[in-house]
There are 2 protein chains.
Amino acid sequence: MAVSSAPRPASLDESAAKLHLIDTDVHNDLPSYAELKPFLAKEWHPWIENGGPFSAERAYANTGPGIMVDAVREEDGLCAGDPDWVVKQLMQKYRIDLGVLTGTLIGASVQHNAQAWAALSSAYNDWTLAKWVWPYPCFKGSILVAGQDPEGAAREIRRLGREPGMVQVLMASAARIPYGNRLYWPLYRAAVAHDLPVAIHVGAEGTGLANPPTSVGYPSSYLEFHTDHSQTMMGHCVSLVAEGVFAQFPTLRFGFIEGGICWAPYVLGRLDRMYPALKAEVPYLTKLPSEYVLGHCYFSTQPIEEPDDHAHLLRMLAMLRAEETVIFASDYPHWDFDNPLTAFASFPPALRRRIFVDNVLAFYGPRLLQSHQ
Amino acid sequence: MAVSSAPRPASLDESAAKLHLIDTDVHNDLPSYAELKPFLAKEWHPWIENGGPFSAERAYANTGPGIMVDAVREEDGLCAGDPDWVVKQLMQKYRIDLGVLTGTLIGASVQHNAQAWAALSSAYNDWTLAKWVWPYPCFKGSILVAGQDPEGAAREIRRLGREPGMVQVLMASAARIPYGNRLYWPLYRAAVAHDLPVAIHVGAEGTGLANPPTSVGYPSSYLEFHTDHSQTMMGHCVSLVAEGVFAQFPTLRFGFIEGGICWAPYVLGRLDRMYPALKAEVPYLTKLPSEYVLGHCYFSTQPIEEPDDHAHLLRMLAMLRAEETVIFASDYPHWDFDNPLTAFASFPPALRRRIFVDNVLAFYGPRLLQSHQ
């Protein structure tokens, strides 16, 4: 499987050499919907009054620890809701140079009322810039979009596409329709026009207008719900390749965040096995399916799988070409946070460097290093 | 991960030593619904007149070769519909000692009318015995059940549970509700009472009362549909473990047929990672999730993944403890048939022996070797 080098920059900026660690998944919190009012179109104000808009929240209660204990500030109970606190408790404590904010409203793209959530996402994006990104050189933002309305999402991408503080388009992996479908192509066209990668993040499966969390229906426990997360990722990955998204948009980079990584070798092997016999269906593809995946897709580490035999993980990473496709994520402040100082201690240093810095830069492109102040 | 040895017999029958190859997935065909009439309760006859009952057929057209050319008999166009023909074209040609019949009505368990399909499944099972199993020592049958009505399925299992020609319970992997759910436990109780393993087989995803083929909705192509098959398998596997099916039924053996195998290491790793933090939800589990999977689950080879680097496949098999969990399947007469004489040529002989014979015997238990004539 020859890897397409098209979407990966040939050389990295010199300033990259100074970086040691970039976190692609920092969940900064919105303490109150009232904070969005200054950014939200007036017509939607009544909708967020009385504590916030109705949203189809996660249906599975996490019976585990939930939030990292040291992420909660004792005096006000605020968790990841204050930028200075996150700088101290995450960025400084774990020596992270740059953090990409993924927030707490990723489920916007599976809420029933797409118009309302498009307005709310716009306000949220402006709030992210004003409160988190512009005052802090260490934070970069995501353009949250209500992807169930791809034309609307494209407008939001064009509105913020020139903002150097925004480094990706973000939506839920939960969905009603697989992301390769042509319905979404306006969204990809806008992202590519601004050289923005598109990232999808787990967590809203089975809510709003999304399908049940598995293709066999609703599981019974959060343990299942969480383990099953990778299935939305797999469905989208197969769809993106088979529908020809990467053939149509040769510079598009796609990120799979918090959905695990060790499912990818399986998908590559199975797609490549089936493709030769079923080419007639997908005549617009000009490469092996695995080449599209390895050339366009990036997979975040958290939660990194922990097989009993650690060598298995390294073998899986090799099958996935981790030296070009895997990017670091902490998932701060969530319970299954991966501590970058320990979780990767056994990785070869060169691979760690690729996962912590080089691949992350390749995924986001040059704007990650551009000043936004 | 210590493997539970409970459901695997400690020693194999001496006659097993004479066997060289057992095929766990032979799709014998029903040439016409009229053949079922002698076995079908009178009240349902009108329902199968005019060519057969309505059934929610597969929604994705296979644009590939479909059926193996040499499986079709020239003079009458019959494909795998005549036992003598299958003996000649499959069993003798590939030197297969025993073939487990999986038929063509596996989607029974996702058809809307459970009562009607329970009746049809019963007739089909009796037809299988009369036409295929009893006259041919090389064929064993599956008890097809309409699993959407687990109490009804349990009755069918009890009706045929003492028949030595029937070696497993069979239903679709497509489902409305994951198979760990307590709704299905009457079915498992009946299977265990007769020491019959339960097998699920892909193909009906997105039809009848099943969910869409992926947890993000309907894909567009058969290439996707086929690649996504493993997702139903994963959902059920996680559900069976997490709901405590294997804790409740310590002798239950579960087979995943035609859903691929290389997804399993990923699921094991992810479940084991999450379990310690989420134990509170599943207090009835007394082992690591991976121990339940490795101790109770069997995975059929076809279609075996074919990564570019063949060493990857062998590494995956090691992670999955293939020497105890993988069983051979040809999928005759379907297009992606795995030829046992060539597809496994590069496997170590000891592993091949386990996959071709020993694991298959462990899965079906002693009745596979019992005479049914």
Side-chain angles (χ1 to χ4, degrees), chain A residues 1 63-65 174-181 205 211-217 219-224 226-228 230-232 234-236 238-239 242-243 260 262-263 265-275 277-278 280-282 290 303 305-308 312-313 315 319 335-336, chain B residues 1 63-65 174-181 205 211-217 219-224 226-228 230-232 234-236 238-239 242-243 260 262-263 265-275 277-278 280-282 290 303 305-308 312-313 315 319 335-336:
Chain A
M1 298 181 290
T63 55
R176 175 159 59 183
I177 299 169
Y179 281 145
N181 197 286
E205 287 77 4
N211 288 273
T214 83
S215 56
V216 293
S220 302
S221 61
Y222 184 79
L223 172 64
E224 290 170 76
H226 196 289
T227 306
D228 292 331
S230 44
Q231 291 171 42
T232 50
M234 292 168 73
H236 289 311
V238 171
S239 169
E243 297 255 20
C262 292
W263 52 266
Y266 168 72
V267 168
L268 299 182
R270 185 145 174 139
L271 266 176
D272 279 2
R273 150 115 196 210
M274 296 303 143
Y275 172 66
L278 300 172
E281 272 189 315
V282 288
S290 61
E305 290 83 2
E306 290 176 358
D308 195 51
H312 289 180
L313 178 59
R315 281 182 198 146
M319 294 180 205
W335 65 288
D336 47 349
Chain B
M1 299 181 289
T63 56
R176 175 160 57 182
I177 299 169
Y179 281 144
N181 197 286
E205 287 76 3
N211 288 275
T214 82
S215 55
V216 293
S220 301
S221 61
Y222 184 81
L223 172 63
E224 290 170 77
H226 195 291
T227 306
D228 292 331
S230 44
Q231 291 170 43
T232 49
M234 293 167 73
H236 289 311
V238 172
S239 169
E243 297 254 21
C262 293
W263 52 266
Y266 168 72
V267 168
L268 298 183
R270 185 143 174 140
L271 268 176
D272 279 1
R273 151 115 195 209
M274 295 304 143
Y275 172 65
L278 299 172
E281 271 189 317
V282 287
S290 61
E305 290 83 3
E306 290 178 359
D308 195 51
H312 289 180
L313 178 58
R315 281 183 198 145
M319 293 179 205
W335 65 287
D336 48 350

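What you are looking at is a predicted structure, and each value in this text was computed from that prediction instead of being measured. Chain naming here is simple, since letters A, B, ... match the order of the sequence lines and numbering starts at 1 in each.
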Residue B:Val282 versus chain A: region with a heavy atom under 4.5 Å: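 Answer is side chain: those atoms of B:Val282 sit under 4.5 Å from chain A.
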B:Pro213, part contacting chain A, at a heavy-atom distance under 4.5 Å: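 Backbone of B:Pro213 only, per the 4.5 Å heavy-atom cut-off to chain A.
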Interface residue of largest heavy-atom contact number with chain A, from B:Ala280, B:Pro265, B:Ser220, under 4.5 Å: B:Ser220
Interface residue of largest heavy-atom contact number with chain A, from B:Leu313, B:Asp228, B:Val238, under 4.5 Å: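 The residue among B:Leu313, B:Asp228, B:Val238 with the greatest pair count is B:Val238.
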Between [options], which residue shows the highest count of heavy-atom pairs closer than 4.5 Å to chain B?
{"options": "A:Arg273, A:Met274, A:Arg315", "value": "A:Arg273"}
{"options": "A:Pro178, A:Ala175, A:Ala242", "value": "A:Pro178"}
{"options": "A:Ser239, A:Gly269, A:Gly180, A:Ala174", "value": "A:Ser239"}
{"options": "A:Pro219, A:Gly235, A:Pro303", "value": "A:Pro303"}
{"options": "A:Gln231, A:Glu243, A:Arg176", "value": "A:Gln231"}

Heavy-atom pair of closest approach, residues A:Asn211 and B:Gly217: ND2-N, 3.2 Å
Nearest heavy-atom neighbours spanning B:Gly260 and A:Tyr266: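 The answer is CA-OH, 3.9 Å.
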Residue list, side-chain hydrogen bond (donor to acceptor under 3.5 Å, both in side chains) with A:His226, at least two apart or on another chain: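 If we apply the side-chain hydrogen bond (donor to acceptor under 3.5 Å, both in side chains) test to A:His226, skipping adjacent residues, the hits are A:Asp336, B:Arg270.
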Point-to-point distance, once rounded to the nearest 0.5 Å, from CG of A:Leu278 to OG1 of B:Thr227: 8.0 Å
pair B:Val216-A:Tyr179: side-chain heavy atoms closer than 4.5 Å: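 When only atoms from C-beta onward are counted, A:Tyr179 and B:Val216 do not touch, as no gap falls below 4.5 Å.
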Donor-acceptor contact present, side-chain B:Glu281 to main-chain A:Leu223, <3.5 Å: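 Yes; judged by distance alone, with no hydrogens or angles, the pair exists.
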Backbone of A:Ser215 reached by a side-chain donor or acceptor of B:Glu205 within 3.5 Å: no
